[in-house]
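Keep in mind that what you see is a predicted model, and the values were worked out from it rather than measured.
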Amino acid sequence: MGVAMFKKYDQNQQFLLPVRLDSFVPEDHIARIINDIIDAVDITAIESTYSENGSPAYHPRLMLKILLYGYMINIRSSRDIHKMISTDTVFMYLTAMQYPDFRTICRFRSTHLNSIVDIFAQVVTLCKEMGMLGAGKVSLDGTKIKANASVRQSKDEKALDKEIAKIHKEIAKILDESIEIDKEEDEKYGDSTPYEMPKELVNKAKRLEKIEAAKKKLEEEKLKKINVTDNDAKIMKHKGGNKKPSYNGQVAVDDKEQVIVAADLVVDENDVHQVDPMILHIWATLGYKPTILLADAGYFSYDNLELLKRMGIDAYIPDNFFKVEERGKSKWFRKSIFKFDEEKDCYYCPANIMMPFTRIQKRKDKPDLNQYVCNFCSDCVFKKACTKAENRTISRDPREYLLDEMRGKLRTDEGGKVYLERMYTAEPVFGQMKQNRGFREFLLRGKEKASVEFLIMCTVHNIGKIDGFVKREGKNWKEILKNGIEGANLFVVDTKNVVIGTLKHFFNDLSVKYVDFHVVMHKI
């Protein structure tokens, strides 16, 4: 029987020629795309934050590359990234065999929100220059992402006061015990040994400081509850009904290649107030507003429909009761089957009985409602299917014509088809983030730091789309990179055409209130 032949296996062999780092990385590896993109983007904003004094820092491009690649392959912990740059050849290629420690990585990620916003915008600009964006059809969607905090740490004022009192009592006990220990050690060692604050006392003091800061914010912002671990996070309901301290990640996704063209992280559980700021994000990043906007019922409001109509955006946003009424599963007669007569200013019920205008319902910060009441319900054969009240009342918002127009559009074959596109434009983006990249919980605490993480993940998503597009279409995208990438930097002017800042300034600076869109959009 012959002896099997094997290739030479020698772990101690020496290389006769120097080996290039990139020889360990395949030509079509996504790390090369990350590397080339970050080499091309303008990082002046990041570089300006570094001091000329002291020892040289690790290059910001190096830090961006390892963060983006880490998030791309579901490695987000700064400690895990630090470990990988010592053991993984792709990370070694990206760092050029330099080894920043985990504290440096964590600090870089935590302190560059505005810079990450700019990197995101430049990557979107690259997608636009490569022909990856469509004709302006954009879908909005939001998802709840758990904060780095426990639901048990969300407390009301009474619970905070109780814990503050408890910690004060524990600190007093530790101090008393420390005094006794000090006396014993003084007798044994004299004055030669310096004493440190007991570790448990330090921990209690830090905990007390966090709780008192949380209580101060709760009182200042008039909140019912606040999370001690992450003061900015809010309790939000996730799918399945579970409530957790969370943030609401908002994205606007172009229909052609699922490129995220705008992103934001908010603390509102409801999406209804996100339409106008997200349009501003889109405008600031792309340089133009969307032509068609798709969103689910969470974004529906008369204010939003008015805004979109004024801006000339063709919107497809159903109201909360649209699907219920379409399925015919409403418990009572649906409002939609009551016919409104604009000329006579009345409704006609299903029994064809007139319901005249009866009274006005006053509302704060909203238009008053006109109410129409039927006076013949007691004798009506349909009463049990219509109302359990003495008389059926219909309320009408003066802007209800917008709802009627939207429902009419969605009920057409073309409108229904357009709206369904949202399901495979925006919704898959969050599936890819959460399922493929494991982004179900933030590592960093506080809205600003969590926003950095979210924007990194959105940037990673877009780079993944670039990778797939290049491989599928065979685009010579490096020619585009040679000219560099510029993020949109549009200016906002007031009614007197005086420049008051850039659009980016308005969503980077949380202290600045959003300006009126119909003024801004037509004055730029």
Side-chain angles (χ1 to χ4, degrees), residues 27-42 64-65 68-69 71-72 116-141 249-264 278-295 313-314 418 421-433 436-437 439 454-490 503-504:
E27 283 295 328
D28 62 348
H29 199 286
I30 196 167
R32 288 184 178 272
I33 287 187
I34 291 174
N35 185 75
D36 291 346
I37 289 174
I38 299 305
D39 278 345
V41 296
D42 179 5
L64 285 168
K65 290 173 186 178
L68 290 171
Y69 183 61
Y71 275 69
M72 180 71 73
I116 295 298
V117 169
D118 196 51
I119 299 296
F120 169 80
Q122 291 184 62
V123 172
V124 174
T125 301
L126 174 61
C127 292
K128 181 169 66 172
E129 291 175 354
M130 292 178 64
M132 293 177 63
L133 303 187
K137 186 187 293 180
V138 171
S139 295
L140 291 187
D141 204 4
Q250 295 285 315
V251 296
V253 185
D254 185 83
D255 71 319
K256 186 175 180 181
E257 296 289 340
Q258 290 184 345
V259 171
I260 300 173
V261 294
D264 195 14
M278 286 304 291
I279 291 173
L280 180 55
H281 285 293
I282 296 168
W283 187 280
T285 304
L286 295 179
Y288 55 82
K289 61 189 176 186
T291 55
I292 299 175
L293 187 76
L294 317 178
I313 297 174
D314 186 15
V418 171
E421 292 178 22
R422 186 191 65 84
M423 296 180 63
Y424 50 85
T425 300
E427 291 184 3
V429 168
F430 290 130
Q432 291 162 23
M433 282 188 187
N436 298 351
R437 298 194 172 100
F439 189 59
F454 186 64
L455 278 171
I456 290 175
M457 186 57 70
C458 291
T459 304
V460 160
H461 170 86
N462 285 346
I463 291 174
K465 292 299 176 183
I466 291 172
D467 180 51
F469 186 75
V470 168
K471 290 173 180 174
R472 188 176 68 251
E473 301 292 331
K475 289 278 185 178
N476 186 9
W477 66 294
K478 289 191 177 184
E479 288 298 317
I480 298 172
L481 289 179
K482 282 182 181 179
N483 299 321
I485 310 169
E486 293 182 1
N489 194 24
L490 303 176
L503 281 173
K504 286 182 185 178

| task | Determine, stepwise, if the pair Leu286 / Leu133 fulfils side chain to side chain contact (heavy atoms under 4.5 Å, CB included). | result | CA-CA 10 Å; Leu286 295 179; Leu133 303 187; 3.6 Å; yes
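- The two residues Ile313 and Ile279 make their nearest non-hydrogen contact at CD1-CD1, 4.0 Å.
- Rounded to the nearest 0.5 angstrom, Lys465 NZ and Arg472 CZ are separated by 8.5 Å.
- To the nearest 0.5 Å, atom OH of residue Tyr69 and atom CG of residue Asn35 are 12.0 Å apart.
- Ile466 has its side chain within reach of Cys127: a pair of non-hydrogen atoms, C-beta onward, lies under 4.5 Å apart.
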| message | One pair to check against side chain to side chain contact (heavy atoms under 4.5 Å, CB included): Val429 and Ile260. What are the steps and the verdict? | response | CA-CA 8 Å; Val429 168; Ile260 300 173; 3.6 Å; yes
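- Counting only heavy atoms from C-beta outward, the side chains of Met433 and Cys458 approach each other to under 4.5 Å.
- Side-chain atoms of Ile463 and Leu68, non-hydrogen and from C-beta on, do get closer than 4.5 Å to each other.
- Nearest heavy atom pair, residue Val460 against residue Met72, reads O-CE, 3.3 Å.
- Here the side chain of Asp264 pairs no donor or acceptor atom with the backbone of Gln250 at under 3.5 angstrom.
- Across Leu140 and Ala252, no two heavy atoms sit closer than the pair CD2-CB, 3.6 Å.
- For the atom pair Ile119 CD1 and Leu64 CG, the distance stands at 5.5 Å (nearest 0.5 Å).
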| What's the verdict on side chain to side chain contact (heavy atoms under 4.5 Å, CB included) for Glu473 and Met130, showing C-alpha distance, side-chain angles and the deciding distance? | CA-CA 10 Å; Glu473 301 292 331; Met130 292 178 64; over 6 Å; no
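- Here the CD-CG distance, from Glu257 to Asn462, works out to 11.0 Å after rounding to the nearest 0.5 Å.
- Glu427 CD to Arg422 CZ: the interatomic distance, rounded to the nearest 0.5 Å, is 4.5 Å.
- We find the CZ-NE2 distance between Phe430 and His461 to be 9.5 Å, quoted to the nearest 0.5 Å.
- Taking 4.0 Å as the cut-off between side-chain N and carboxylate O, Lys471 and Asp467 count as a salt-bridged pair.
- In this structure, the side chain of Thr291 engages the main chain of Ala135 through a donor-acceptor pair within 3.5 Å.
- Of all the heavy atoms in Asp255 and Gly134, the pair that sits closest is OD1-CA, 4.1 Å.
- The two residues Pro290 and Val138 have their closest heavy-atom pair at CB-CG2, 4.0 Å.
- Residues Asp314 and Lys137 are not paired through a salt bridge, judged by the lack of any N-O separation under 4.0 Å between the basic side chain and the carboxylate.
- At a threshold of 4.5 Å between non-hydrogen side-chain atoms, the residues Val124 and Lys128 do not count as touching.
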| What do the steps show when you test Gln122 against Leu126 for side chain to side chain contact (heavy atoms under 4.5 Å, CB included), and what is the final call? | CA-CA 6 Å; Gln122 291 184 62; Leu126 174 61; over 6 Å; no
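- Across every non-hydrogen atom of Met278 and Val251, the tightest pair is CE-C, 3.7 Å.
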